[in-house]
Amino acid sequence: MSQHVFKRAGFLAATVGVAGLLGAGVASAHVTANVYGPQPTKGGYAAVVFRVPSEEKDPITTTKVAVDFKADYGIGSVRTKPVPGWTAQVTKSKLPAPITKDNGTQITEAVTAVTWTAQPGSELKATDYQEFSVSFGPLPTNVDQVEFPAHQTYSDGKVVDWNQPTPANGEEPEHPTPSVKLAAKAEGDGDHAGMAANTASSSGEQTQAAATSDNTARWLGGAGLLVGAIGLGVGAGATIRARKATAKSGGNS
């Protein structure tokens, strides 16, 4: 096969790859809920990152993002990660009836929204996106995924609602609801089992690193003593040879 054919095939592959990347970028240009790490489990706690792109043309910017938490999830607590230039507000609402969690805790008021508002100069421009991180729980045990309808406000007053459920055929709607799938809770798992596992893993890694460092230090120390002994031997030999040479020279004179 000629080099010309190889070059043409390479060009076509590169073109298809770029087109695929561009298509993926267009398809993902909406508010999403992402999990960077282990999948949250039913009844446990979750750390979720809401990724928000700004889609309007300049000079219109994104000034506010609100994410709804369904009251019947019974999310009792939420923590937000600070985002420079943005303020976060957590809204809690009184429940019509208490929700009892697996551990027996009764939730009488639940988180129903988290709203991030841009300070002047920190708005999202047309080419910008921002990630808003939250941790929350306990999660419900009677659903396979949790959904978070989002509302994106622009500087011209336009509000885009990301609240359309994905139909059974799996075809993505124009403004899909950000959602996170939940893993089944294993027997004996506590609410913070994942955190304990991570802590244990970190502790094990630190112990192994310490042992490795100690063994390395011992090996280097032993090698240093050996090199020192060799050096002393070489030095002593040189001294003896020098003395013999001097004595021989004196006898000949």
Side-chain angles (χ1 to χ4, degrees), residues 28 30-52 65-83 86 88-116 130-152 161-170 172-173 175-206:
S28 62
H30 51 249
V31 177
T32 57
N34 305 284
V35 175
Y36 303 142
Q39 201 68 16
T41 58
K42 297 179 179 181
Y45 283 73
V48 175
V49 178
F50 294 101
R51 177 175 292 181
V52 181
V65 177
V67 175
D68 295 338
F69 286 65
K70 296 183 179 181
D72 55 3
Y73 289 161
I75 304 296
S77 64
V78 156
R79 291 186 178 183
T80 61
K81 183 177 180 179
V83 178
W86 291 72
Q89 180 179 358
V90 177
T91 301
K92 283 190 173 184
S93 302
K94 191 78 172 179
L95 296 175
I99 296 177
T100 303
K101 295 294 183 176
D102 284 359
N103 60 6
T105 302
Q106 282 199 334
I107 305 297
T108 57
E109 64 174 13
V111 176
T112 51
V114 178
T115 303
W116 291 271
Q130 184 59 270
E131 290 187 330
F132 303 93
S133 302
V134 294
S135 62
F136 52 87
L139 295 166
T141 57
N142 58 347
V143 295
D144 294 326
Q145 72 174 17
V146 283
E147 298 179 343
F148 305 95
H151 315 280
Q152 185 172 5
D161 296 319
W162 302 91
N163 58 0
Q164 297 175 344
T166 300
N169 61 12
E172 187 176 81
H175 296 96
T177 302
S179 61
V180 173
K181 294 186 180 297
L182 301 180
K185 185 177 181 179
E187 284 296 327
D189 280 357
D191 289 340
H192 301 284
M195 186 182 298
N198 290 337
T199 302
S201 174
S202 176
S203 176
E205 290 173 359
Q206 290 175 0

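Here the structure is a predicted model, which means the values were calculated and not measured. Note: hydrogens, waters and symmetry copies are ignored here, and every other heavy atom, side chains too, is used.
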Is any side-chain heavy atom of [X] less than 4.5 Å from a side-chain heavy atom of [Y]?
| X | Y | result |
| --- | --- | --- |
| T166 | P173 | yes |
| V52 | Q152 | yes |
| L95 | T108 | no |
| S135 | Y45 | no |
| T177 | N163 | yes |
| F69 | K92 | no |
| I75 | L139 | yes |
| V180 | Q39 | yes |

How long is the gap from OH on Y73 to OG1 on T141, to the nearest 0.5 Å?
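Interatomic distance, Y73 OH to T141 OG1, rounded to 0.5 Å: 12.5 Å.
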How long is the gap from CD on Q164 to NE2 on H175, to the nearest 0.5 Å?
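These two atoms lie 6.5 Å from each other.
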Determine the minimum heavy-atom distance between [X] and [Y], stating which atoms define it.
| X | Y | value |
| --- | --- | --- |
| P178 | V31 | CG-O, 3.6 Å |
| W162 | H30 | CZ3-CB, 2.8 Å |
| P140 | V143 | CG-CG2, 3.5 Å |
| V49 | S133 | CG2-OG, 3.5 Å |

Could I get the full list of side chain to side chain contact (heavy atoms under 4.5 Å, CB included) partners for A113, not counting sequence neighbours?
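So A113 forms a side chain to side chain contact (heavy atoms under 4.5 Å, CB included) with D68, T91.
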Residues in side chain to side chain contact (heavy atoms under 4.5 Å, CB included) contact with V83, at least two apart in sequence or another chain
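Listed in chain order: W86, Q130, F132.
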State which residues pass ring-ring contact (aromatic ring centres under 6.0 Å, His included) with F50; sequence neighbours excluded, sorted by chain then number.
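ring-ring contact (aromatic ring centres under 6.0 Å, His included) check on F50 returns F148.
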Taking the basic N atoms (NZ, or NE/NH1/NH2) and the acidic carboxylate oxygens, is any pair closer than 4.0 Å for K94 and E109?
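Between E109 and K94 there is no salt bridge, as every charged N stays at least 4.0 Å from the carboxylate O atoms.
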Using modelled atom types and a 3.5 Å cut-off, is there a donor and acceptor pairing between side-chain atoms of Y36 and backbone atoms of A47?
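Looks like no, no N/O pair under 3.5 Å.
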Would you say the side-chain atoms of K101 pair up with the backbone N or O of G74, donor to acceptor, closer than 3.5 Å?
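Checked: pair present.
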